[in-house]
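Each chain gets a letter, A, B and so on, in the order the sequences are listed, and its residues count up from 1.
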Protein chains: 2
Amino acid sequence: MKTLQRRTGIALWRQVADEIRQTVLPGLAANERLPAEAELAIRFGVNRHTVRSAIAALEKEGILRAEQGRGTFLNDRKRLRYPIGRRTRFSSGLEDQAQTRSGKLLSSETMPAPPHVATALSLAAGAPVIQLSTLSTADAVPISAATSWFDAGRFSQIAELYAETGSITVSLARLGVDDYTRKTTAVEARHASSEDLDLLALSPGAIVLLTRGIDIDSDGRPVLYGESRFTADRVELLIDNRAAETPA
Amino acid sequence: MKTLQRRTGIALWRQVADEIRQTVLPGLAANERLPAEAELAIRFGVNRHTVRSAIAALEKEGILRAEQGRGTFLNDRKRLRYPIGRRTRFSSGLEDQAQTRSGKLLSSETMPAPPHVATALSLAAGAPVIQLSTLSTADAVPISAATSWFDAGRFSQIAELYAETGSITVSLARLGVDDYTRKTTAVEARHASSEDLDLLALSPGAIVLLTRGIDIDSDGRPVLYGESRFTADRVELLIDNRAAETPA
DNA sequence: TATGGTTGTCTAGATAAATAGACAAATATG
DNA sequence: CATATTTGTCTATTTATCTAGACAACCATA
């Protein structure tokens with residue numbers, strides 16, 4: 001196999017790690033043994049030491065474990081499925097997948113609305129908005145880092161409420177928004193920025209799923225505009241268009 | 001700024017390219033000039049030559065253009081917005097964004113259904129299915145590579161029809177499926193595999209958005225199960241949950 | 001047309017990644 | 001307990017990446 005490319009700025013061992021993830025692991029059951037390092041080296045056309053670097057990286061990510069004399073084994077881990085629909089909430093939809101879930105307020109700031117935020121919230125450009133930076137975890141593992149903007153006039157207490165409750169839904173309920181629904185969600189994927197690496201405990205080159213969404217209340221008024229970064233190796237997004245989606 | 005990390009298997013120039021993409025370009029209008037190479041080198045704490053490698057890479061991607069004596073400029077390019085909803089079609093929804101769109105059949109094969117395909121199509125494990133590999137382009141640029149599976153009993157002519165028409169929708173219509181809707185779509189992101197690099201004309205380390213979706217006909221019977229890989233730097237997915245989504 | 005700022009090219013040396021080979025340490029098995 | 005298989009560690013060498021500095025080529029403008 002001669003599929004790896006050199007002189008591309010991506011170290012060979014990293015490419016090998018990606019190939020193992022994508023072409024070797026899918027064929028294995030949990031706790032099953034991988035082919036020996038020497039065999040993988042031949043298969044990918046690289047030195048055994050390069051394969052070892054790749055395996056070391058995957059081991060550090062918690063995907064594999066190597067045992068001297070026995071072999072290297074696939075750990076038992078599954079990806080979190082994060083539902084996105086009209087009623088997108090962090091907590092609900094994950095109950096059966098994680099024991100504990102939490103939301104932490106990293107920072108809040110009142111600022112004039114940047115152009116795209118003003119547009120999303122149907123506010124005048126530069127109108128005051130509150131920006132929340134939050135981090136959500138499931139079973140103590142960082143799942144997403146989000147930045148949300150709210151109309152400062154309508155939701156002046158949002159930061160304090162979120163800090164107290166750890167939930168956007170609960171905070172909004174206390175401010176008189178009984179219900180809200182997701183209007184649109186845009187999804188992109190990109191390499192994690194240095195800030196993402198930090199917040200989400202990722203290693204360089206990692207991928208984040210970026211969603212940008214607008215939530216509206218029952219009158220159709222925009223309630224919040226948010227951008228979330230999900231760790232792509234721990235999360236997949238599930239978009240459900242079934243009949244339950246029908247507007248009330 | 002000291003945000004770059006060394007010894008990670010990602011060459012510094014590539015990290016610089018990503019940082020430029022994410023922290024410098026968003027602040028620029030189309031055709032606006034970037035800070036000078038020397039200034040960027042200081043900002044990122046690397047040698048000017050490293051910045052030049054990064055710019056060369058972005059130039060090769062068509063994002064920037066460097067002009068000797070004048071500076072380096074941001075090209076005018078926009079990301080394609082690919083709508084995902086109950087009625088997900090490749091052609092419609094892109095009309096206003098690309099002059100020409102085409103679908104090409106790469107290969108087709110009849111095979112026993114792999115477990116996850118059988119589940120998705122509500123078939124018995126191992127029942128015969130037709131697998132289509134297709135490539136979709138917009139304005140001659142590869143946008144997505146897809147693998148789709150159909151019940152071989154119900155849609156035996158699907159490969160020939162797709163080869164002829166370049167459209168799943170039209171092919172299905174000729175086989176008596178007047179309408180179909182998307183039941184669920186799962187979205188993941190990962191590094192492009194060597195096959196993806198090839199098909200989608202990407203460079204190593206590039207990201208693909210992977211969607212896995214099930215389409216059903218008006219009776220609720222599964223029509224196709226498909227997995228699509230989108231080039232993350234040229235496409236974003238737009239999930240629309242508005243009232244138009246209401247089932248017919 | 002002189003000047004300052006910009007990108008382009010070249011040389012040289014330092015640091016990181018990849019290859020090659022040898023052997024130790026642990027494990028499973030006959 | 002002898003043997004084959006596997007991962008772990010070490011040394012040495014080659015290749016790629018990054019840094020450093022100097023200067024050429026080109027552009028805008030005073």
Can you tell me how far P of C/dA18 sits from CD1 of B/Ile10, to the nearest Å?
11 Å
Measure from the side chain of B/Arg52, starting at C-beta and using heavy atoms only, and say which of D/dT6, C/dG8, C/dA18 lies closest.
C/dG8
Assign B/Ser53 to base, sugar-phosphate, or nothing according to its heavy-atom contacts below 4.0 angstrom with the strands shown.
nothing
Indicate yes or no: does A/Arg43 engage A/Glu19 in a salt bridge with an N to O separation below 4.0 Å.
no
Going by the side-chain hydrogen bond (donor to acceptor under 3.5 Å, both in side chains) test, name the single residue among B/Arg21, B/Gln22, B/Gln15 that passes it with B/Asp18.
B/Arg21
Sub-3.5 Å donor-acceptor pair from the side chain of B/Asp139 to the main-chain atoms of B/Gln99, do we have one?
yes
Please report the distance, rounded to the nearest Å, between CD in A/Gln68 and C1' in D/dT5.
12 Å
What is the distance, rounded to the nearest whole Å, between atom NE2 of B/His49 and atom C1' of D/dA20?
7 Å
With a non-hydrogen cut-off below 4.0 angstrom, is B/Arg33 in contact with a base, only sugar-phosphate, or nothing?
sugar-phosphate
d(CG, A/Leu12; P, C/dA18) in whole Å:
5 Å
Can you tell me the distance, in whole Å, between the CZ atom of B/Arg48 and the C1' atom of D/dG21?
11 Å
Quick note, B/Arg70 side chain, CB onward, closest among C/dT6, C/dG8, D/dC27 is D/dC27
Taking for B/Val46 and for A/Ile55 the nucleotide of DNA chain D with the nearest heavy atom, the one nearer the 5' end belongs to A/Ile55
Tell me which of A/Glu67 and A/Asn47 sits closer to the 5' end of DNA chain C, going by the nucleotide each one is nearest to.
A/Asn47
Once you round it to whole Å, what is the distance between C1' of C/dT15 and CH2 of B/Trp13?
18 Å
Report yes if a side-chain nitrogen or oxygen of B/Thr72 is closer than 4.0 Å to either non-bridging phosphate oxygen (OP1 or OP2) of C/dT6; otherwise report no.
no
How many Å lie between CZ on A/Arg14 and P on C/dA18, as a whole number?
11 Å
List the steps and the verdict of side-chain hydrogen bond (donor to acceptor under 3.5 Å, both in side chains) for A/Thr8 and B/Arg14.
CA-CA 9 Å; A/Thr8 65; B/Arg14 198 170 258 282; 5.1 Å; no
Euclidean distance, atom CD of residue B/Glu37 to atom C1' of C/dT6 [Å, nearest integer]
8 Å
Relative to the 5' end of DNA chain D, which residue comes earlier, A/Gly71 or A/Gly9, by the nucleotide with the nearest heavy atom?
A/Gly71
In terms of side-chain geometry, is the basic nitrogen of A/Glu67 or A/Arg65 positioned less than 4.0 Å from the acidic oxygen of its partner?
yes
